[in-house]
Amino acid sequence: MSTQPAQPGTIFSPTLAARFDRLVTLYPVKRSALVPMLLYAQDEIGYVSDAVIAEVAARIGITELDVRNVVSYYSLLRTKPAGKYHVQVCTNISCMLRGGNEILDHCKKKLGIPNKGVTPDGVFSLEEVECIGACSWGPAAQVNYAFHENLTPESMDQVLADYRAKAQNGGGK
Amino acid sequence: MATLTTHPDCVPLVSYRFGKGATNIDKYLELDGYKSARKALELGPDAIIAEMKTSSLRGRGGAGFPTGMKWSFVPKQSARPKYVLVNGDESEPGTCKDRLIFEHDPHSVIEGVIIAALAIQAKMGFIYLRGEYRYLIEIMEKAVADAYAKGFLGKKILGSDIDLDVVVQTGAGAYEVGEESALMESLEGKRGVPRIRPPFPAVVGLYGGPTIINNAETIATVPHIFRIGAAEYAKLGTERNGGTRLFCLSGHLVRPGVYELPMGYNLKKMIYEVGGGIPNGKKLKAVVPGGSSTPVLLPEEIDIGMDFDQVGKAGSMLGSGGVVVLDETVCMVEFALRTMKFYQHESCGWCIPCREGTDWLKKSLTRLHEGGAVDKDIDNIRYLAENMLGRTFCPLGDAAAMPTIAFVKKFRKEFEDHLEGRGCPYHRAAQPEPALV
């Protein structure tokens, strides 16, 4: 999350607001900036909130309903907060063959949450995801955007422990 | 960092600059970078397309359409602007090759866009990456900025009178967007539902203008064709299947990895020699040769060359280059179910045969795997899948149906073993879906 003060009229940090100002000028039509804008906004705010939808709609000049219709289509976009570290375990075929389901089960047990759950302290959330493009290095998971590959239950423990430590030290994403 | 794996039979062409620091533009230039774009500029549109046809490069996204021919379909005169669109929405399960290209050689993608734009006289290109590949978006954006700074993009590129702008775009998680018409919808800021064709994108594409859409590996291959010569490139592969491709070996192998091998390389050799064979002394049960949508092959069907025509003759598809290897411990019903869960999740819901078909297939396969299925279910699965084929706007319906038909046909006995009262004869107990919070 950004610590920079917000500019008047925007909920985004000055850096992101400036990026969005430029983004809408790159395309033949402004609306082409919609999907990237929503994803980058989610990265900063944590999820696609009502305020995000309102500002993005205004910036592009479409209705909030138009924005909501698009949001509901894309699986990376979420309308409620996830944990600080969003653990996404792939169980698609290549990962499944090498123990992806076991990694997912292990995470459920270790974190004490089901698929799509968030830990009470808000540090972790867990999601079973479709292929993340790490097939030759499976089983694999992404924590936020970082890839973790060739996982075993033991190495997954280490991955979770490292993020837990990062959270305790007040570390960012 | 994702890295290429090598084997003595590998031919480093697309991977020529991998691991050599070519994300740095100066390093890229040192390694013959942007020389192909200059060559193409001298050649002009017609000669570029002729070279592409000579190379016999075929689309690396899965369909295997000849690239030169695709480019030649773009009308010379057009009232609307023309576009080049790179499909880097890599999402076909089993496929992880484009990631390596963006990570190790982003400028080859940009140079490919320049050559394609010169060929069809487009002034704008888009490089669309899947949203999950965030670190690659940063690499690509930096590469594009560097290319602008050196005059390879922007106004009067390479000292010519030609202008070319390139934008790096991110998706936000949708397999369907890897389909060309849904990709255009997404780039126009909409839900990624497919468009009916004709008209084809070469005539009416992005923003209504003529558009060529190529897979990232296809585009990244283009500069290498001009670097070594189209005829030389063609010779690396087999007839009508020029060059090399990045094969993604995954599943039950001693050495899974992404390898660059000549088109037509023997699949059996790929599994047993390149991939090191099946670990733990297990036997091979099946191979999915080109990503999850391609029909499964049995061990006795894998003594074939991996090119579009030979794999097609064997009853499957070369697809996206994702070779998934299954050992004897795999329950084929579970594997078919996991495949179908994916397509059911990714169906955009636009066409009824796909939306309803994938949902019913998932339900039927779940019932088979978890218990309670009856005789008729097996034929019903096949009947449903066969009725999805060719009845949707885009190939997602086919992608779900084709492997399912092959699973039932080739492993019928195993499906029958799952019928009521018998249950999964393999290890894994059925896992109920966890409750959503």
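Letters A, B, ... mirror the listed sequences (proteins, then strands); counts begin at 1. In this text the structure is predicted, and so the values were computed from the model without any measurement.
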>> Walk me through whether A:Gln142 and B:Tyr133 qualify under side-chain contact (heavy atoms from CB on, under 4.5 Å).
In response: CA-CA 10 Å; A:Gln142 270 188 297; B:Tyr133 287 175; 5.8 Å; no
Answer yes or no: is there a side-chain heavy-atom contact under 4.5 Å between [X] and [Y]?
X: A:Gln88; Y: B:Glu132; answer: no
X: A:Ser75; Y: B:Tyr175; answer: no
X: A:Tyr27; Y: B:Phe126; answer: yes
X: B:Arg191; Y: A:Tyr74; answer: no
X: B:Lys97; Y: A:Ser136; answer: no
X: B:Gln169; Y: A:Pro36; answer: yes
X: A:Tyr73; Y: B:Lys190; answer: no
X: B:Cys96; Y: A:Trp137; answer: yes

For chain A, which of [options] has the most heavy-atom pairs under 4.5 Å?
options: B:Val288, B:Val177, B:Thr339; answer: B:Val177
options: B:Pro256, B:Ala172, B:Ser250; answer: B:Ala172
options: B:Arg130, B:Glu90, B:Glu176, B:Glu92; answer: B:Arg130
options: B:Cys248, B:Cys348, B:Ser91, B:Gly94; answer: B:Gly94
options: B:Gly192, B:Gly349, B:Ala2, B:Ser292; answer: B:Gly192

> Would B:Arg338 and A:Glu130 pass as an ion pair if we require N to O under 4.0 Å?
Replying inline: yes
> Roughly how far, to the nearest 0.5 Å, is the CG atom of B:Leu253 from the CZ atom of A:Arg98?
Replying inline: 7.5 Å
> CZ of B:Phe342 to CD1 of A:Ile93: how many Å apart, nearest 0.5 Å?
Replying inline: 9.0 Å
So which part of [X] gets closer than 4.5 Å to some heavy atom of chain A, the side chain, the backbone, both or neither?
X: B:Thr3; answer: backbone
X: B:Leu206; answer: neither
X: B:Val167; answer: side chain
X: B:Phe335; answer: both
X: B:Thr5; answer: neither

>> Using the rule given for salt bridge (charged side-chain N to carboxylate O under 4.0 Å, His left out), can you reason through B:Glu141 versus A:Arg22, listing the C-alpha separation, both sets of side-chain angles and the distance that settles it, and then say yes or no?
In response: CA-CA 14 Å; B:Glu141 281 183 338; A:Arg22 180 169 174 270; over 6 Å; no
>> Taking side chain as everything from C-beta outward and backbone as N, CA, C, O, which of these in A:Glu149 sits under 4.5 Å from a heavy atom of chain B? Side chain, backbone, both or neither.
In response: side chain
>> For A:Val129, which atoms come within 4.5 Å of any heavy atom of chain B: side chain, backbone, both, or neither?
In response: backbone
> Of the non-hydrogen atoms in B:Gly189 and A:Val70, which two are nearest, and what is the gap between them?
Replying inline: O-CG2, 3.5 Å
> Do you know which two heavy atoms are closest between B:Gly131 and A:Leu39, and how far apart they sit?
Replying inline: CA-CD2, 4.0 Å
>> Tell me which of these, A:Leu97, A:Ile113, A:Leu34, A:Val71, has more heavy-atom pairs under 4.5 Å with chain B than the rest.
In response: A:Leu97
>> I'd like to verify something: which residue of A:Cys90, A:Pro28, A:Ser94 has the highest number of heavy-atom pairs under 4.5 Å with chain B?
In response: A:Pro28
> Given the rule in the side-chain contact (heavy atoms from CB on, under 4.5 Å) test, do A:Val35 and B:Thr170 qualify, once you have shown the distances and angles that lead to the verdict?
Replying inline: CA-CA 7 Å; A:Val35 175; B:Thr170 171; 5.7 Å; no
>> Both conditions, 6.0 Å and 45 degrees, for the charged tip of B:Arg134 above the ring of A:Tyr40: are they met here?
In response: no
